Asker: 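Supplied in structure tokens, the structure appears directly below.
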Amino acid sequence: MSDESHDMSLTRLEANLLFEGVFQRYGYDFRGYSEISRLRRLQAMLSEFHFSSIGELQHYVLKEEKNFREFLKRITVTTSEMFRDPEFFKQVRELIFPNLQTYPSFRIWHAGCSTGEEVYSLAIMLAEADMMERATIYATDINPLALEQAKAGVFSKSSMRAFSKNYVEAGGTGSLSQYFHVDTRHAMIDPKLSSRIVFYEHNLASDEVFSEIHLILCRNVLIYFDQALQSRTLDLLKRSLARGGFLCLGSQETLQFSEVANDFREVSRTGRIYALDHQNPRRVMKQKEVNHG
Amino acid sequence: MDNPQIICIGASMGGLERILAILQKTEDTTIPILVVQHVGRGGSESLALALSGQTNKSVHIAQDKMPIAPNSIYVAPEDYHTLVNFDGTFSLDASDRVSYARPSIDVSFASCSAVYGNTCIGVLVSGANTDGGEGMKAIKISGGMTLVENPELADYPQMPQSAIDCCAIDYKGSASALGEYLSDMSKEGARS
């Protein structure tokens, strides 16, 4: 084995051991996460903490719970913006809201809600459509630190301009700042918007269906999972959906390669919006190759 | 280089013309090609469309867990980083921009170097920033091959120049010449 590939083989082994250790010691299961994705975050931590090996990082993380908190802050991706992919939010309003309005009450699940930006974006849209009272919103994540942040609903004031731009592009009818209490450095979401939201820890690798859901958003979560965990998750999401319920994925994610593809019909290709549709089991979506139909 | 397994081309402003010039000369190579260009909304689809008109190979926008197949060209989707898995598939990542870029060429190059090691070829052409320099260095360190467009010929020379400043370059030339070099190399690889 060349030096390089020998090193990489050791790196991969150490990474696996670290995640096994984290699971055994702290109970957090990242073992089904995409290997390359995890490695990227680990390598960033090695740089940041000036460790020379993943073995060293493992010792640091397993030694003390407060070190594990530092690890937890960095191991999942919490990059997010309000109304990120404004076109998507516009499509939610146009294609999904009319359907939700036919229910006396409906449930929404943000699976992998991270620090809450997507949750509050949707809440604002529901408020503007006068649908808030009928909504119950579940926002779950494996990462308790992200959830803490999401619950607090505090964002940096400097992000507000980018958020506002997205909000307007998504078709927002008011002004984004009306939903926030702003001070010199922070913008806190108006507590009224949280009234229908329940935040709690849920692990897509091991937890189960907890309710029948009309709209699931699981955006830019599956890309961090390996194939097996992705399949498990999609199956779980499918089983959580009410008949005709909607599933929304990230802008470059697709159901196309998955086993559940046949259980859904595509509502919007550009918005990555699908609806549970057992009636049409042969509706397989084929991604067209770009250069021929 | 024995048996090159992936060619990763990084480009930014002024890149399309160069990418096309390279692809024009590599029609006969079956090595998968990943094109990472800094694009805005809708940009990856436009780029894929532009490329598909100029090649007989299949052109795809790289999707998460999509297999990396021979005789195919993949375009990194906008607003994601494109990495590669050890099992010969792509891995998308929606985390922070790197040096203001997403997709970041550095991220793709580093990922290709980690997985493909000395069977990875990195190509850097015209661009107005320094994304790609660090990534080329990673490719070189892992034993891969580094090609750049001659900065004197590039509309925006900063990017190829940053690679030259960062690491040893195996070949420097016009975009067309880079394409020919890749074609020659893949023929040699097939012979060895």
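This is a predicted model, so every value here is computed, not measured. Lettering follows sequence order; numbering is per chain, from 1.
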Asker: When rounded to the nearest 0.5 angstrom, what distance separates CZ in Phe86(B) from CG in Leu39(A)?
Answerer: 5.5 Å

Asker: Where does Gln227(A) contact chain B at under 4.5 Å (heavy atoms): side chain, backbone, both or neither?
Answerer: both

Asker: Above 12 or not: heavy atoms from other molecules or residues under 6.0 Å from CD of Glu48(A)?
Answerer: yes

Asker: Determine the option with the most heavy-atom pairs under 4.5 angstrom with chain B, choosing from Asn220(A), Thr11(A), Thr78(A), Thr254(A).
Answerer: Asn220(A)

Asker: Is it true that, when you exclude Lys238(A) itself, more than 12 heavy atoms of the residues, nucleotides or ligands shown sit nearer than 6.0 Å to its NZ?
Answerer: yes

Asker: When you look at CD of Glu20(A), are more than 12 heavy atoms from neighbouring residues, nucleotides or ligands closer to it than 6.0 Å?
Answerer: yes

Asker: Which atoms of Asp87(B) come close to chain A, meaning under 4.5 Å heavy atom to heavy atom: side chain ones, backbone ones, both, or neither?
Answerer: neither

Asker: Less than 4.0 Å between a side-chain N and a carboxylate O, is that true for Asp85(A) and Arg41(B)?
Answerer: no

Asker: Given a strict heavy-atom distance threshold of 4.5 Å, which part of Leu83(B) is in contact with chain A: side chain, backbone, both, or neither?
Answerer: side chain

Asker: Around Glu17(B), counting heavy atoms of other residues, nucleotides and ligands shown, do more than 12 lie under 6.0 Å from its CD?
Answerer: no

Asker: Counting only heavy atoms closer than 4.5 Å, note whether Leu222(A) contacts chain B via side chain, backbone, both or neither.
Answerer: backbone

Asker: Please classify the contact of Gln230(A) with chain B as side chain, backbone, both or neither, using a heavy-atom distance under 4.5 Å.
Answerer: side chain

Asker: For Pro77(B) versus Gln252(A), what's the shortest heavy-atom pair and its separation?
Answerer: CB-CD, 3.4 Å

Asker: Stepwise, does the side chain to side chain donor-acceptor pair (under 3.5 Å) test hold for Arg40(A) with Ser95(B)?
Answerer: CA-CA 11 Å; Arg40(A) 184 161 184 240; Ser95(B) 61; 3.1 Å; yes

Asker: Quick one: does any side-chain atom of Tyr80(B) pair with a main-chain N or O of Ser251(A) as donor and acceptor, under 3.5 Å?
Answerer: yes

Asker: Okay, side chain of Thr79(A), backbone of Asp96(B): is any donor-acceptor separation there less than 3.5 Å?
Answerer: yes

Asker: When heavy-atom pairs shorter than 4.5 Å are enumerated against chain A, which of Val107(B), Leu51(B), Val115(B) gives the highest number?
Answerer: Val107(B)

Asker: Decide yes or no for Tyr224(A) and Asp93(B): does some side-chain heavy atom of the first lie under 4.5 Å from some side-chain heavy atom of the second?
Answerer: yes

Asker: Give, for atom CE of Met8(A) and atom OG of Ser113(B), the distance between the pair rounded to the nearest 0.5 Å.
Answerer: 7.5 Å

Asker: Quick one: closest heavy-atom pair of Asn85(B) and Ser34(A), and the distance?
Answerer: OD1-OG, 3.9 Å

Asker: Got more than 12 heavy atoms from elsewhere within 6.0 Å of CZ, Phe68(A)?
Answerer: yes

Asker: Do the charged groups of Glu253(A) and Lys65(B) touch, with an N to O distance under 4.0 Å?
Answerer: no

Asker: Using non-hydrogen atoms and a 4.5 Å limit, figure out which bit of Ala110(B) sits close to chain A: side chain, backbone, both or neither.
Answerer: neither

